[in-house]
Visitor: 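This structure is in structure tokens; I'll ask about it shortly.
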Amino acid sequence: MRKLPGGIRHLPDYFDRAEQQALVDAIRLVVAEAPLFVPRMPKTGKPMSVRMTNCGPLGWVTDKERGYRYQPHHPETGNPWPAIPERLLALWRDVAEYEKPPQACLVNFYTDAAKMGLHQDKDEQEFQAPVVSVSLGDTCLFRVGGQERSDPTMSFKLNSGDVVVLGGQGRLAYHGVDRIYPATSTLLKNGGRINLTLRRVTP
DNA sequence: AAGTCGCG
DNA sequence: CCGG
């Protein structure tokens, strides 16, 4: 059996179907208020293959000029991000083992061809808090390694309703999404995958 | 490089 | 050519 690197927890089927549907409904409201945008790589301006938005007091954004960062407003509308849905705050209280609530919930939309290269979540000031991730919709192949890019990696599938926690030694683990398996879920009427990532930005 | 390409 |  697969052995996950230290500090990485995979909680399969954390959310049942009804809860998944309720989360999708909540995210639709978020997207209506904070439209999806195309994130761009620092300096080159190359677009990433996912579309994204955020909820919470802070949101993760990136563009050619200013690069990766957290900010309290939507990059295109200038409006503050909508609130994080209560069910996600409850998830954090359940699994994070961290006193304060998450400040950012990044919402990533993956189409069939979308990927996410291996990277670390290191734009936060607080690494004591874990990163908590929720998968909704189509199954993906998730890849995780260690704290150095050259560390060995392993991969496993994430299904709709699964939760992954990157905490402790796993907090700065390299991770990414190698591929989406199209039409493996009926949760999203237009297909694809939604990933929700909860993070604490400041201590 | 949260991408892309090269290698096996 | 495709996947790790």
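Here is the naming used below: chain letters follow the sequence lines, and residue numbers restart at 1 for every chain.
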Visitor: Please report the distance, rounded to the nearest Å, between NZ in Lys46(A) and C1' in dA1(B).
Guide: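 About 10 Å, once rounded to whole Å.
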
Visitor: Could you check which of dA2(B), dG4(C), dA1(B) has an atom nearest any side-chain atom of Asp123(A)?
Guide: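 Of dA2(B), dG4(C), dA1(B), dA2(B) is nearest to the side chain of Asp123(A).
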
Visitor: Met41(A) CE to dT4(B) P: how many Å, rounded?
Guide: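 Spelled out: CE on Met41(A) to P on dT4(B) is 8 Å.
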
Visitor: Do Arg193(A) and Tyr110(A) form a cation-pi contact, if we require the NZ or CZ to be under 6.0 Å from the six-membered ring centre and within 45 degrees of the ring's axis?
Guide: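 Judged by the rule (NZ or CZ under 6.0 Å from the ring centre, within 45° of its axis), Arg193(A) counts as positioned above Tyr110(A).
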
Visitor: Check Glu124(A) with Arg199(A), please: is the shortest side-chain N to carboxylate O separation under 4.0 Å?
Guide: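 Between Glu124(A) and Arg199(A) there is a salt bridge, with a charged N closer than 4.0 Å to a carboxylate O.
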
Visitor: Determine whether Tyr174(A) and Thr153(A) satisfy the following criterion, side-chain contact (heavy atoms from CB on, under 4.5 Å), listing intermediate values before the conclusion.
Guide: CA-CA 8 Å; Tyr174(A) 275 87; Thr153(A) 62; 6.0 Å; no

Visitor: Within a radius of less than 6.0 Å around CG of Asp25(A), do more than 12 heavy atoms belonging to other residues, nucleotides or ligands occur?
Guide: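 Yes, enclosed.
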
Visitor: Just N and O in the side chain of Arg51(A): are any of them under 4.0 Å from OP1 or OP2 of dA2(B)?
Guide: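 No, no such contact exists.
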
Visitor: In whole angstroms, how far is the P atom of dG4(C) from the CZ atom of Phe156(A)?
Guide: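 Distance check: Phe156(A) CZ to dG4(C) P gives 14 Å.
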
Visitor: Quickly work out the Asn108(A) CG to dG3(B) P distance and round it to whole Å.
Guide: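 Answer to the nearest Å: 10 Å.
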
Visitor: What contact category does Arg149(A) fall into here, base, sugar-phosphate, or nothing, at under 4.0 angstrom with non-hydrogen atoms?
Guide: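 It contacts sugar-phosphate atoms only.
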
Visitor: Between P on dG4(C) and CG on Asp178(A), what's the gap in Å once rounded to a whole number?
Guide: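 So the two atoms are 7 Å apart, to the nearest Å.
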
Visitor: In this structure, how many angstroms lie between the C1' atom of dA1(B) and the NZ atom of Lys43(A), rounded?
Guide: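 After rounding, the gap between these two atoms is 10 Å.
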
Visitor: Nearest of dG4(C), dA2(B), dT4(B) to any side-chain atom of Arg143(A)?
Guide: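 Of all the options, the side chain of Arg143(A) is nearest to dG4(C).
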
Visitor: Could you tell me how far dC5(B) sits from dA1(B) if I compare only their C1' atoms? Round to whole Å.
Guide: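 The same atom, C1', in both gives a distance of 13 Å.
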
Visitor: Which one is paired to dA2(B), where only Watson-Crick or G-U wobble pairs with both distances under 3.5 angstrom count?
Guide: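 Paired with dA2(B), as far as the under-3.5 Å criterion goes, is no nucleotide at all.
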
Visitor: May I ask whether Tyr68(A) stacks on the base of dA1(B), given the cut-offs of 5.5 Å between ring centres and 30° between planes?
Guide: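 Base of dA1(B): not stacked against Tyr68(A).
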
Visitor: Any strand counts, and the cut-off is 3.5 Å on both contacts for Watson-Crick or G-U wobble. Which nucleotide pairs with dC1(C)?
Guide: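 The base-pairing partner of dC1(C), which may sit in any strand shown, does not exist here.
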
